[in-house]
Structures are given as C-alpha cells and as structure tokens.
Amino acid sequence: MTTHNVDSKGTACPGPITDLIRAYRKASNGDIIILQATDPGVVPDSKAWCGMTKNELVSTEENNGEYVVTIKVTAKK
Amino acid sequence: MIKIAMIGGGAGGLITTSKLSSELSEEIKQGKVSITIFDRRETQEFQPGYLETAFRGTKPEKLKKPVDNLISKGVKIVHADCTSLDLDNHQILTERNQERYDFDYVIVSTGCSPDYSQIPGLKEANMDFYTDADVSSRIYSTLQTIKSGRIVVGIAGLPYKCPPSPNEAAFMADEYLRRHDLRQNVDITFITPYTRIYTAEPINEVIEPLYSERNIESRTVFNTDYVDPTKKEIISLEGDTVKYDYLFLTPPHKPAEFLRGTDFADDEGWVKVDKRDLHITDHDYAFAIGDTTNIPTSKAGVEAHLEGLVVANNLVMSVTGEGTKHFFTGRTQCSMETGFHRATFVVGTYDKPVKKIRPSVTNYAEKKVMEKIYWASLEGHYEWLFKYHFKRDYFAENPS
Ligand SMILES: Cc1cc2nc3c(=O)[nH]c(=O)nc-3n(C[C@H](O)[C@H](O)[C@H](O)COP(=O)(O)OP(=O)(O)OC[C@H]3O[C@@H](n4cnc5c(N)ncnc54)[C@H](O)[C@@H]3O)c2cc1C
C-alpha cells in the first residue's frame, strides 16, 4: 500500500479534482490518496467523484481554509 | 553583454521576445544585450485552428507561418532544440553538433505535446487535433467517409492543452453531421474522467442542456485505461467499456523531454515556477511560461501571452534598473465553440472563479477577431487591445 500526497493548494480551475484524477491513474487498489486544497469545492467534488467511481472517501477535514481529503482507492479492476 | 536565452519559439516565446526586443532595442543596438531563441521548428502553427482543420476542413497550410517571418528585429534564432538546461552553470546544450550556449537569463516556453505512451492502444486507434495541422486534417478526411456508426470524443487523460477543446470537438462533429444530414445515422459519445461534462460548474450548467438538445451522449467519471483497437473498445480503470467506430480523443500531454529528471521540474517534467512572477523555484534568473509550467491554471495561449509579458517586464527592469515589477493574475480565457456560429468563454483568474457565460454569436465573433490578429499579436501588435480587454487582469502590481 502506498500513500500518494497530492498538494493542490492554490488550484481553482481546472481544480484539485484534476490532480486527484492524475494521482488515481498512478495508484493501485488499497493505496491512499491525501489531497490538500484551498478550493472549498474540493469537498463536494471529491465526494461526488468517490460516489461515482466507487472509491472510498475516508475523511474530509478543514483547518483555517485548508482542506484535506483522504481517499482509499478501491474501484480499480 | 547580457545574454537572454528563450527556449521555445511558439506562442509564449515569440510574444516574450517581441516585448523584450522592443523595450531593450537601444541596449541591443549598443551590443549590451542579446536575445536568442532556441527551437528546431522552421514554421509555427496556429494551434486553436486545428479544430477547424479537423471538423471544417480548413487546409493545414492556412495555419502555418515561417518562423523567420515572426521573429522580432534584434532577436536571433538558433534552429536547434535544447537537449539539456544546466541552470547552475547557466548553460544550454543543443542537439545540433551538441553545441553549448551560455546565458545570463533563461526563459523556458517549450509547450507540451500528446503522450500516447500513457494509454496502450490509443495511438493505433485514435486521430487527434493536437499533434499538428497535418495530423488534424486526417480527422476531416475520415469524417467525409462516415455514413453511420459511433464517434467517440472526449478526454483520455490529463493534463492537456485548452480545456474546452474536447467539448468543442463534440459540438463541431455534431454540426458537421447535421449539415450533411447524417446525424440520425451517427451517434456521438463524449467521455471524461471528470464528474461533469465540463469540469467548472458554471460552464457545465451552460453546456449540459446543449448536450441533451443535440443528442450527444456523455459518460462522466470514465477513466480511460486502454483501448482495444481490434474490438474497437475503450476500457476504463474500473473495467467499464465504451464502443467506438471512430475515435477522436484528447490524449494526455507531456512536457519537453529534456525537462524530465531535472531538479527544477516535478516528476513528470512540468517546470516548478512561482505562480505570480514565473521564476523557476530557487533560480531568480530563470523563468518558465506557458504550457510547460506546473502552475494551477489552464494550459492555454492567453496564459502564455500574459505570463510572457510579466516575465519580459520584470527582465527589462532587472537589465535597466527602471520600472516596477509585474505579477501574473492567473487570467484564463479559452473560447468554447458550441457549433452553428456560437461560442462561450471559460474566463477566470487565480482569485475569481470561472463565470457563467452563455454561448452567443457575439462571443463567436470575438473568437474570430482573436484568430485574425493572432500572428500580429505574437509580434507585439494589438497590445492596447489586450490591455483594454483584460483590464485589471492584464497584470497585477502586487503578488496577491
Ligand atoms: C486544438 C487546440 C485549441 C486551442 N485553443 C486555444 C484557445 O482557444 N485559447 C487559447 O488561449 N489557447 C488555445 N490553445 C492552446 C495554445 O495554442 C497553447 O496553450 C499555446 O500555444 C502555448 O504556448 P507555449 O509557448 O507554451 O507553447 P507552444 O506554442 O506549443 O510552443 C512551444 C515551442 O517549443 C518548441 N520546443 C519544444 N521542445 C523544445 C526543445 N527541446 N528545445 C527547443 N524548443 C522546443 C516547440 O517546437 C514549439 O515551437 C489551443 C491548442 C489546441 C491544440
């Protein structure tokens, strides 16, 4: 199992979801992706993405305008 | 003599050197400053026109201009690609005769290009409108033979240049088929790894209804893993399948080879720069602009243009000791054709999110004006128009 730290702070358009998708391509099932962002859209976007791809949203945290979204990769064939 | 090296003579490279050469013309005449572009290409192409070539049959020749006609007075060109950039020792190594050039300042604007190696099977199956004008024209030749079946367009991988271009391909393919009375026999499917048809919500709100209206099917969160050209199937990382008869997908893009493995680029070779003043991390005499950077904004010509002006201004300031420092605002402005002479724009900055702009004939006309003035703008003309158009987003006087 590998942890992929993705720093998307300061990204708004095309947004942290771009970095998440790029990290997902390199990850394997069981890996953890930790996505850090300042764009508040990262939380609903990651939730929607996890729901639609069937990957697991482990947690979301907010601290002084910085968001940390943790995702476990589970949906790859 | 102060030597300024520009690696890459595309959109960003030409705009930046034209501004530098006009502002430093006296210093160049006096032999105090030299500006040299390094780029193997003998012709440049109007890249946004690739879509017109692919879906409307514009001849590739119409998109090309000899580089020597575009170089500003006082700027030299070495027609050779850079094979290595040693920032610590201020040296560029070129392919031809493995020559070495030294510099005081360097700007990297080497763009990006399709990377088919990331997606097995894609190269054999696909035709794209990113590689060059001639390759784009193959799509039009194929379109003319289509009588029925399924065209698949969309995003095969990230990142890529000009975020709206895959959506434009869907709308322009639809327009072509309707105009030729073939739409009832040909399906169009748009695939994307994003959760929406266009990733920025305000633009998605505008185009999603158009997809339904035009009967363009969409498959969101489709992460292309590989393509099976024999079965004519695209297979996702999650094991889903989309069938195609004709494939015009947007491949993931890569930066120039010589950047990979350097300490100033990330692990894929995108150059790490300060997103406001574009200096390469830890090197205040080195800069990168345009598609090759890792900054969090779209890979588009408008960015290359505005970033280039910021870098040129700040370099002139370093050389002459006069003026004030400028910063890039993150301004993006990509046109998105929605077919039948209408277009919207994806407009935003680092601080202002993308706005909802409805497709209109006026926007389409604005896009056409930009096309008309493109080559002249690379030579530094019409800057008053850009300044007027971008207003406070043209540059910032403060870093935030
Ligand atoms: C289909 C399509 C539609 C587009 N639509 C729009 C739009 O509507 N609006 C918009 O703003 N932008 C648009 N763009 C994007 C725009 O064309 C690019 O973002 C812009 O050209 C980037 O400028 P650049 O200087 O970074 O790279 P480029 O213009 O690509 O120039 C890079 C140059 O570097 C050279 N080079 C590469 N490697 C080396 C090396 N090792 N040594 C020396 N030289 C090297 C290349 O030969 C090239 O000349 C579109 C692009 C495409 C493909």
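Order of the sequence lines sets the chain letters (A, B, ...), proteins ahead of strands, with each chain counted from 1.
In K275(B), the NZ atom is crowded: over 12 heavy atoms of neighbouring residues, nucleotides or ligands sit closer than 6.0 Å. For OH of Y394(B), the number of neighbouring non-hydrogen atoms (other residues, nucleotides, ligands) closer than 6.0 Å is greater than 12. Around the NZ atom of K243(B), the shell of radius 6.0 Å holds more than 12 heavy atoms that belong to other residues, nucleotides or ligands.
Using a 4.5 Å cut-off on side-chain heavy atoms (C-beta onward), V221(B) and K54(A) make no contact. Looking at D45(A) and Y194(B), their side chains never come closer than 4.5 Å, going by heavy atoms from C-beta outward. Here the side chains of E238(B) and T53(A) are in contact, with some heavy-atom distance below 4.5 Å. Considering only heavy atoms from C-beta on, T195(B) stays 4.5 Å or farther from K47(A) through its side chain.
Neither the backbone nor the side chain of I203(B) comes within contact range of chain A; no heavy atom of the residue lies under 4.5 Å from a heavy atom of that chain. In this structure, chain A has a heavy atom under 4.5 Å from the side chain of E268(B), while its backbone stays farther away. Residue P159(B) touches chain A through both its backbone and its side chain, counting heavy-atom pairs closer than 4.5 Å. Proximity to chain A (any heavy atom under 4.5 Å) is shown, for S236(B), by neither the backbone nor the side chain.
N223(B) contributes atom CG, which lies 13.5 Å from atom CZ of R22(A) (distance to the nearest 0.5 angstrom). Between K77(A) atom NZ and I235(B) atom CD1 the span is 13.0 Å, to the nearest 0.5 Å.
Ranked by heavy-atom pairs shorter than 4.5 Å toward chain B, the options I21(A), L20(A), N55(A) are led by I21(A).
Taking the side chain to side chain donor-acceptor pair (under 3.5 Å) definition, one finds that K161(B) meets it with Q47(B), sequence neighbours left out. Judged as a salt bridge (charged side-chain N to carboxylate O under 4.0 Å, His left out), and not counting sequence neighbours, the contacts of K9(A) are D7(A).
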